[in-house]
Number of protein chains: 2
Amino acid sequence: MDKDITIYDIARELDLSPTTVSRALNDHPAVNKNTKQKICDVAVQMGYRSNIFASNLRKQRTHTIGVIVPRLNSPFMSSVMAGMEKEANNADYNLIITQSLETMQKEITNARTMFDSRVDGLLVSLAYETDNIEHFQPFISKGTPVIFYDRVIEHNQCTSIVIDNLQAAYKATSHLAKQGCKRIVHITADQKRNVYADRLKGYKYALIDNNLPFDESFVLITNLSEEAGVEAAQQILQMDPRPDGIFASNDTAAVSCMKELQKAGILIPDDMAVVGFNNDPVSRVIEPNLTTVNYPGYEMGEVAVRSLIHHLNGLSDIIITNTITLRSELIIRGSSLRSKIE
Amino acid sequence: MDKDITIYDIARELDLSPTTVSRALNDHPAVNKNTKQKICDVAVQMGYRSNIFASNLRKQRTHTIGVIVPRLNSPFMSSVMAGMEKEANNADYNLIITQSLETMQKEITNARTMFDSRVDGLLVSLAYETDNIEHFQPFISKGTPVIFYDRVIEHNQCTSIVIDNLQAAYKATSHLAKQGCKRIVHITADQKRNVYADRLKGYKYALIDNNLPFDESFVLITNLSEEAGVEAAQQILQMDPRPDGIFASNDTAAVSCMKELQKAGILIPDDMAVVGFNNDPVSRVIEPNLTTVNYPGYEMGEVAVRSLIHHLNGLSDIIITNTITLRSELIIRGSSLRSKIE
DNA sequence: CTTGTTGTTGCAATCGGTTGCAATATAAAA
DNA sequence: TTTTATATTGCAACCGATTGCAACAACAAG
């Protein structure tokens, strides 16, 4: 077990003061070039490593970003994390990641942990359950920037990073209408979350603009799990007259629903056209391939971290930047394409 | 921007010494119950939060675990991360996560970052490229435990957490043989990594035990990506006589290969039986469903963190525990099941 | 020869908890 | 009443780096 080398050891070795050593290692201009070189050499040679804690303690800055995510193990969220990690790593920031597992309780605990860890900034995607964000107030009060991504909430001190969910849903639904669907079901989740609320709106507007009636019973609120997709399929099979189109808020539910319908003999896309959301790998595996909305998760992760660091460096004022919207697009595949028209 | 409250503030408020406050907040036995209660109350009321850096600096312990992972965005790895996060969170440890992106260079940099961050322990799954592990030596020398998971390497000071890859591959290949396959192709990756080397061994042994010849040209070394699966399919279609079974080292490649073969008119499982590895969601989406090895990623993450913490608490000696092997199992589905026999 | 400027370096305090040891009070045993 | 054990509390040093301010040297300008 080697003993740790400190700047004091280096100072003693070279008969200098710790002050000068510290300055040299931080490339401070007021240190003689030769001295600096000598110090750096000895530091390397002695196997010195800076003590981040001493430094953090003194500087009151941690170079750490906290991330709160509903669940790590979804294709979408893991892409986001991958993008975040890449950017953070590039900028020499550490990432502390915690999951809320969709409960508000955990989210509060996580926020507390992040606060105690004194992260320089916080990136949050809200849990299904969360219905207020008081637990982020301590950050705001302390001037620690909080950025929401994907599952966001309006707050006049925080930036949000999103895609245009309303527009994406509008396009998806319109596409179904243009394919001749008259009775389009929308499978989605709790309306507390912006993403689902906005998509419902987009769905509604598209119906209106395509002269289709809106029917409350055609909106299925679920947890968007695989099982939820199966249940949705069973409900849809019960409906009379039977729907002829489905717009689901994620690919997992869309795919499992589709499979269940196929099992019941429904033909896709002819009896039923289906559109999902996210562009998960499964969407390119199911037959026919699933039409879906490409959600740029990796880019969202990158942008989130980049904006945060930008702000931390004082290069932008977070209060002015209210919302950053990323581009998404409808990818049309076999599950909804009835004709070569359009 | 609120000012931070310190134990000195609390001490002054209650006319006590910082020592007593510190002890009270750490639930030290040598503090009077009433005093303790009073201190805790005031702490809460004043909005005190402990300064982790001061504490870490003094205690030389960070309560942080470092994780190095090849890529975050794969279904398997994100499950592992989810399991790790859950356990770490339960035990009040933070997780710092970095990706090597399969390069040794990044892995070295990441290791260095972790070292500078003074993580209490390190969890590593090796990059494709890595061919020596000198970069973990500083941890070993300092007595910081390093645990490898999934992509491991033999080291007499480190525990490894794995599944029995050899056996899993053996079972997968034997299963194909029992289904009547005579010419089984193995799609896998660089043999530097234990997982792929062991699976190749299992594949070989199974061939031998089933009286099938081993043919070097039937082993396709790829990066196991979606594209690699397609290319593998094209190669397979060129082979004459044509193979009649495929054992792939992950589901992504297995699925894309399968789809490409189907596109060429090959019937699965009759012309070609296919087995994958990992039990990713796609394996239950493809038609016919993919036979695969269930790899308990989530559990592996849990076990890795639990073992590490166990060791950190001095409850186990890591040097004695060489390897922890988790149970995996072959899940037989339509892609390989030609008859109801077996 | 004095004053001013620039370049280098060090002193000493500070960040906020933690902990070995000593001090004091209180209770129990002799 | 004296001695011994036990319970509480505080002193002061320490963890390792950072930084405002002062000190000093070398040199140029006046």
Side-chain angles (χ1 to χ4, degrees), chain A residues 1-40 42-43 46-64 92 115-120 142 144, chain B residues 1-40 42-43 46-64 92 115-120 142 144:
Chain A
M1 311 232 183
D2 305 352
K3 173 120 181 15
D4 268 325
I5 306 295
T6 70
I7 53 169
Y8 297 93
D9 299 321
I10 300 179
R12 204 174 317 113
E13 184 78 15
L14 288 167
D15 205 25
L16 285 166
S17 76
T19 305
T20 305
V21 176
S22 171
R23 292 213 179 94
L25 294 171
N26 286 301
D27 206 22
H28 189 102
V31 176
N32 183 283
K33 258 196 225 112
N34 301 324
T35 318
K36 208 181 273 184
Q37 188 57 50
K38 227 180 302 170
I39 291 175
C40 290
V42 172
M46 293 178 78
Y48 167 80
R49 65 168 166 167
S50 159
N51 188 314
I52 295 198
F53 303 111
S55 172
N56 284 346
L57 175 57
R58 183 60 223 246
K59 292 202 292 194
Q60 307 280 28
R61 211 164 174 232
T62 65
H63 247 247
T64 297
D92 255 321
F115 192 65
D116 289 347
S117 300
R118 286 160 204 253
V119 294
D120 286 343
K142 265 217 60 190
T144 303
Chain B
M1 312 234 182
D2 304 354
K3 168 108 185 25
D4 267 326
I5 305 295
T6 71
I7 53 170
Y8 297 92
D9 298 321
I10 300 179
R12 204 173 318 112
E13 183 78 16
L14 287 168
D15 204 24
L16 285 167
S17 76
T19 306
T20 305
V21 176
S22 170
R23 291 211 180 95
L25 294 171
N26 286 300
D27 206 23
H28 190 102
V31 177
N32 183 284
K33 256 197 231 109
N34 301 326
T35 318
K36 208 180 275 184
Q37 187 60 51
K38 226 179 304 171
I39 290 174
C40 290
V42 173
M46 293 179 78
Y48 168 80
R49 65 168 166 168
S50 161
N51 186 316
I52 296 198
F53 303 110
S55 171
N56 284 347
L57 175 59
R58 181 62 223 242
K59 292 203 290 193
Q60 308 278 30
R61 226 178 158 216
T62 66
H63 247 246
T64 297
D92 254 319
F115 193 65
D116 290 346
S117 301
R118 289 163 201 251
V119 295
D120 285 344
K142 266 215 61 190
T144 302

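Labels below follow one simple rule: chain letters A, B, ... track the order of the sequence lines, proteins then strands, and each chain is numbered from 1. The shown structure was predicted, so the numbers you read here are calculated from the model rather than taken from an experiment.
- Where DNA chain C meets chain A (any atom under 4.0 Å from a heavy atom), the bounding nucleotides read 5' to 3' are C:dT8 to C:dG16.
- For the helix from C:dC1-D:dG30 to C:dA30-D:dT1, the axis fitted to the five pairs at one end and the axis fitted to the five pairs at the other end meet at an angle of 50° (nearest 10 degrees).
- Counting only distance, with no hydrogens or angles, the side chain of B:T6 and the backbone of B:Y8 share a donor-acceptor pair below 3.5 Å.
- The structure places CD1 of B:I52 at 9.5 Å from NE2 of B:H63, a figure rounded to the nearest 0.5 Å.
- Map B:T20 and B:R58 each onto its nearest nucleotide of DNA chain D; the residue landing nearer the 5' end is B:T20.
- The nearest whole Å value for the distance from the CG atom in A:N56 to the P atom in D:dC15 is 19 Å.
- Nucleic acid contact class of B:R49 (heavy atoms, under 4.0 Å, all strands): sugar-phosphate only.
- Residues that satisfy the side-chain contact (heavy atoms from CB on, under 4.5 Å) test with B:L16, not counting sequence neighbours, are B:L14, B:T35, B:I39.
- Residue-level contact check: A:T19 touches the bases, meaning some heavy atom is under 4.0 Å from a base atom.
- OP1 or OP2 of D:dT18 sits under 4.0 Å from a side-chain N or O of A:S22.
- Between A:Q60 and D:dT18, a side-chain N or O to OP1/OP2 separation shorter than 4.0 Å is absent.
- Relative to the six-membered ring of A:F53, B:R118 misses at least one condition, a distance below 6.0 Å or an angle of at most 45° to the axis.
- Within a heavy-atom distance below 4.0 Å of DNA chain C, the residues of residues 26-40 of chain A found are A:A30, A:V31, A:N32, A:T35.
- Not counting sequence neighbours, B:R58 has no partner by the side chain to side chain donor-acceptor pair (under 3.5 Å) test.
- Take the nearest nucleotide of DNA chain D for B:R23 and for B:L57: the residue whose nucleotide is more 5' is B:R23.
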Distances under 3.5 Å only, N/O to N/O: pair up the protein atoms with those of nucleotides 22-25 of chain D.
none

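- Taking the side-chain contact (heavy atoms from CB on, under 4.5 Å) definition, one finds that B:S17 meets it with B:T19, B:T20, sequence neighbours left out.
- Minimum interatomic distance between A:P18 and A:A11 (heavy atoms only, all atoms of both residues): N-CB, 3.7 Å.
- Annotation: proximity of residues 5-18 of chain A to DNA chain D (heavy atom, distance under 4.0 Å) is found for A:T6, A:I7, A:Y8, numbered in ascending order.
- Remark: B:E13 engages B:V42, B:M46 in a side-chain contact (heavy atoms from CB on, under 4.5 Å) (not counting sequence neighbours).
- Atoms CD1 and OG, from A:I5 and A:S50 in turn, are 13.5 Å apart once rounded to the nearest 0.5 Å.
- Applying the side chain to side chain donor-acceptor pair (under 3.5 Å) test to A:T62 and every residue at least two apart in sequence or in another chain returns A:D120.
- Evaluation of the side chain to side chain donor-acceptor pair (under 3.5 Å) rule for A:T64 yields no partner, not counting sequence neighbours.
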For residues 22-31 of chain A, dump all side-chain donor-acceptor pairs below 3.5 Å to protein atoms at least two apart in sequence or in another chain.
| from | atom 1 | to | atom 2 | distance (Å) |
| --- | --- | --- | --- | --- |
| A:N26 | ND2 | A:S22 | O | 3.0 |
| A:D27 | OD1 | A:K36 | NZ | 3.2 |

